[in-house]
Amino acid sequence: MPLLSLAAGVLPDHSAVTLIENAAAAGFDAAGVWYDADTWTDTTTEQVCQALQQHQLFALDIEPVWFHPGEDSNSHQHLVEVAKAIKARNILCVSTEPELIDTQRRFEQLCQKVAGTDINVTLEFLALSSIKTLDQA
């Protein structure tokens, strides 16, 4: 049976909990979770975990890890910790690093941060990013 997940960006003006509630109401199996470093708190993590459990859904992914030139390699550590706490299956990342080698390095570092877990790291290719095609990814 195919797996259906409501993408995090579908309800951009709503909280992760609201998205999860809507995913459950619509019959989805999973939901994507949008992480905002400026507003996410421990309470948010608890509420997301409760909503997922209450509605018997799982977090298919959490996003975005956005690789920006010159940023600290630990800048996404809190998102990684949240991904572990909510048991997200994937972390979605995008890069605006101008050099492919820098994206590769950052991707490898992120993969190392989730080593030993069931979390996959996925590099998205987007026209507005440095990685524009499947071949580049």
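Keep in mind that what you see is a predicted model, and the values were worked out from it rather than measured. Atom set for the values below is all heavy atoms of this structure, side chains included, hydrogens, waters and symmetry mates excluded.
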Pair Lys113, His76 - check side chain to side chain contact (heavy atoms under 4.5 Å, CB included), show working. CA-CA 10 Å; Lys113 289 179 183 189; His76 302 291; 5.6 Å; no
Please name the pair of heavy atoms, one in Ala8 and one in Gly32, separated by the smallest distance, quoted to 0.1 Å. CB-C, 3.6 Å
Count the heavy atoms of every other residue, nucleotide or ligand shown that sit under 6.0 Å from CD of Glu81, and state whether that count exceeds 12. yes
For the CG atom on Asn74, are there more than 12 heavy atoms of other groups (residues, nucleotides or ligands in this structure) within a distance under 6.0 Å? yes
Is the closest side-chain heavy-atom distance between Val80 and Val114 below 4.5 Å? yes
Looking only at non-hydrogen atoms, find the nearest pair between Ala31 and Ile20 and report the distance. CB-CG1, 4.0 Å
Working to the nearest 0.5 angstrom, can you tell me the gap between Leu110 CG and Ser73 OG? 10.5 Å
Drop me the distance from Leu123's CG to Gln136's CD, to the nearest 0.5 angstrom. 9.5 Å
One should read off an interatomic distance between Asp61 CG and Ile119 CD1, to the nearest 0.5 angstrom, of 11.5 Å
Might you work through the side-chain hydrogen bond (donor to acceptor under 3.5 Å, both in side chains) test for Ser95 and Trp66, ending with a clear yes or no? CA-CA 6 Å; Ser95 182; Trp66 202 292; over 6 Å; no
Find out whether Leu3 and Phe58 are in side-chain contact, i.e. whether some heavy atom of one side chain is under 4.5 Å from a heavy atom of the other. yes
Please lay out, stage by stage, how Thr45 and Ile86 fare under the test side chain to side chain contact (heavy atoms under 4.5 Å, CB included). CA-CA 7 Å; Thr45 302; Ile86 68 170; 4.2 Å; yes
Check whether any side-chain heavy atom of Glu63 sits under 4.5 Å from a side-chain heavy atom of Ile91, and report yes or no. no
Within a reach of under 6.0 Å around CG of Asp118, are more than 12 heavy atoms found that belong to other residues, nucleotides or ligands? no
Smallest separation among heavy atoms of Val33 and Trp40, with atom names: CG1-CH2, 3.6 Å
Mind checking the NE2-CG spacing from His55 to Leu57? Nearest 0.5 Å is all I need. 7.5 Å
Please report the shortest heavy-atom distance between Leu79 and Pro64, naming the atom on each side. CD1-O, 3.8 Å
In Å and rounded to the nearest 0.5 Å, what is the CD1 to CG distance from Ile62 to Leu92? 9.5 Å
Treating Asn90 as the side-chain partner and Leu60 as the backbone partner, does any N or O pair qualify as donor plus acceptor under 3.5 Å? yes
Are Val65 and Ile101 grouped together when hydrophobic residues (ILVMFWY) are joined by side-chain heavy atoms under 4.5 angstrom apart? no
Return yes if some donor-acceptor pair links the side-chain N/O of Lys132 with the main-chain N/O of Leu126 below 3.5 Å, else return no. no
So CZ of Phe67 and OG1 of Thr96: to nearest 0.5 Å the spacing works out to 10.0 Å
In the hydrophobic clustering that connects Ile, Leu, Val, Met, Phe, Trp and Tyr at side-chain heavy-atom distances below 4.5 Å, which members other than Phe28 occupy its cluster, ordered by chain and number? Leu4, Leu6, Val10, Leu11, Leu19
Is the CD atom of Gln109 crowded by more than 12 outside heavy atoms at less than 6.0 Å? yes
Just by modelled atom types, is the Gln104 backbone N or O under 3.5 Å from a matching donor or acceptor in the Glu108 side chain? no
Would Glu97 and His68 count as a side-chain hydrogen bond (donor to acceptor under 3.5 Å, both in side chains) if you check the C-alpha gap in whole Å, the side-chain angles of each, and the deciding distance to 0.1 Å? CA-CA 6 Å; Glu97 288 282 4; His68 297 288; over 6 Å; no
In sequence, state the C-alpha distance, the side-chain angles, and the governing distance for Thr122 and Cys93, and then conclude on side chain to side chain contact (heavy atoms under 4.5 Å, CB included). CA-CA 6 Å; Thr122 306; Cys93 61; over 6 Å; no
Do Ser75 and Arg106 come within less than 4.5 Å of each other through their side chains, counting heavy atoms only? yes
Verdict with reasoning, Val17 to Thr44, per side chain to side chain contact (heavy atoms under 4.5 Å, CB included): CA-CA 8 Å; Val17 171; Thr44 308; over 6 Å; no
